[in-house]
Amino acid sequence: MPHFTVHIREEALDGTVEPKLIAALTDAVGSVFGPGFARLVGVDLIGLPAHRRGVGGLPTDLDNPIVTLSMREAAYHLAEVPDAPARLVTATTDALAAVLGEHVRAQTIVTIAGTPEGRTGVAGAVA
């Protein structure tokens, strides 16, 4: 299951942004792997108070989202989805900019994490 964890300044989350971000990130995965894959996407939005985020050793009020997308490593190497990691980074960044504003694009960090086969589980069983 693809899973996004998004760390962002709490003040950027105002109650209307959250459903838009969840939908946009889900659609980003669907744009790379197909719409049927999108139904598997999980999204966690984690708001950080401004005084708990820093850049360069100083507190910052920048929105700069830090995003991790994790899923099974094999999904990043499917022949039918060439350049999946690069396409996911682009689609994820585009989704965030579309919802939060173009100003976040240059500040957005996306990490694509792969989990080796046999290292995830569902309902208490290795999947």
Side-chain angles (χ1 to χ4, degrees):
M1 168 154 108
H3 182 259
F4 281 103
T5 303
V6 181
H7 290 87
I8 188 165
R9 199 169 55 91
E10 180 68 40
E11 293 79 6
L13 303 172
D14 66 4
T16 65
V17 168
E18 295 86 339
K20 294 175 190 174
L21 275 176
I22 291 167
L25 292 169
T26 300
D27 291 346
V29 172
S31 75
V32 174
F33 290 104
F37 204 78
R39 66 180 176 78
L40 303 172
V41 177
V43 179
D44 289 330
L45 303 174
I46 301 170
L48 299 171
H51 66 279
R52 291 193 185 156
R53 168 162 275 186
V55 174
L58 299 171
T60 184
D61 61 356
L62 295 175
D63 288 336
N64 58 326
I66 300 173
V67 181
T68 302
L69 172 60
S70 59
M71 68 174 100
R72 291 187 188 165
E73 179 66 32
Y76 301 127
H77 305 289
L78 298 172
E80 61 271 23
V81 186
D83 302 321
R87 291 172 60 193
L88 287 163
V89 168
T90 299
T92 299
T93 303
D94 289 347
L96 289 163
V99 173
L100 298 171
E102 196 59 38
H103 69 281
V104 303
R105 183 178 300 279
Q107 306 160 7
T108 298
I109 298 169
V110 178
T111 300
I112 303 294
T115 305
E117 186 175 339
R119 301 251 180 112
T120 60
V122 177
V126 173

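- Note on Leu40 and Val81: same hydrophobic cluster, where clusters join Ile, Leu, Val, Met, Phe, Trp and Tyr whose side-chain heavy atoms are under 4.5 Å apart, directly or indirectly.
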**OP:** Given side-chain contact (heavy atoms from CB on, under 4.5 Å), test His7 with Ile46 step by step and report yes or no.
**Re:** CA-CA 5 Å; His7 290 87; Ile46 301 170; 3.6 Å; yes
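- Side-chain atoms of Arg9 and Pro65, non-hydrogen and from C-beta on, never get closer than 4.5 Å to each other.
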Original post:
So Arg53 and Leu48, side-chain contact (heavy atoms from CB on, under 4.5 Å) or not? Walk me through it.
Top reply: CA-CA 7 Å; Arg53 168 162 275 186; Leu48 299 171; 3.6 Å; yes
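- Residues meeting the ring-ring contact (aromatic ring centres under 6.0 Å, His included) test with Phe37, sequence neighbours left out: Phe33.
- A donor-acceptor pair is defined here as one N or O able to donate and one able to accept, closer than 3.5 Å; such a pair exists between the side chain of Glu18 and the backbone of Gly15.
- In this structure, Ala75 and Ala84 approach most closely via the heavy-atom pair O-CB, 4.2 Å.
- Minimum interatomic distance between Ala79 and Pro82 (heavy atoms only, all atoms of both residues): O-CD, 3.8 Å.
- Sorted by first and then second residue, the pairs that involve residues 95-118 and meet salt bridge (Lys or Arg N to Asp or Glu O under 4.0 Å), not counting sequence neighbours, are Asp94-Arg105, Glu102-Arg105.
- Separating the CG atom in Asp44 from the OG1 atom in Thr5 is a distance of 5.5 Å, to the nearest 0.5 Å.
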**OP:** Mind running side-chain contact (heavy atoms from CB on, under 4.5 Å) on Val104 and Asn64 for me, showing each step along the way?
**Re:** CA-CA 6 Å; Val104 303; Asn64 58 326; over 6 Å; no
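- Separating the CG atom in Leu69 from the CG atom in Leu25 is a distance of 9.0 Å, to the nearest 0.5 Å.
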Original post:
Can you check side-chain contact (heavy atoms from CB on, under 4.5 Å) on Val43 and Leu45, steps first, answer last?
Top reply: CA-CA 6 Å; Val43 179; Leu45 303 174; 3.9 Å; yes
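- Following chains of ILVMFWY side-chain contacts shorter than 4.5 Å, one can reach Ile8 starting from Val17, so the two form part of one hydrophobic cluster.
- For the pair Leu96/Val67, a side-chain contact is recorded, criterion being any heavy-atom separation below 4.5 Å from C-beta on.
- The line from CD1 of Ile66 to OG1 of Thr108 is 9.5 Å long, rounded to the nearest 0.5 Å.
- To the nearest 0.5 Å, atom CG of residue Leu100 and atom CG of residue Leu13 are 8.0 Å apart.
- Linking ILVMFWY residues whenever their side-chain heavy atoms come closer than 4.5 Å, directly or via other members, places Leu78 and Val29 in the same cluster.
- Atom CZ of residue Arg119 and atom CD of residue Glu73 lie 11.5 Å apart, to the nearest 0.5 angstrom.
- Atom CZ in Arg72 sits 4.0 Å away from atom OG1 in Thr120 (nearest 0.5 Å).
- Taking every heavy atom of both residues into account, Ile112 and Pro85 meet most closely at CG1-O, 4.2 Å.
- Every residue two or more places apart in sequence or in another chain that forms a side-chain contact (heavy atoms from CB on, under 4.5 Å) with Ser70 is listed here: His3, Ala113.
- Counting all heavy atoms, side chain and backbone alike, Ala28 lies closest to Ala95 at CB-CB, 4.3 Å.
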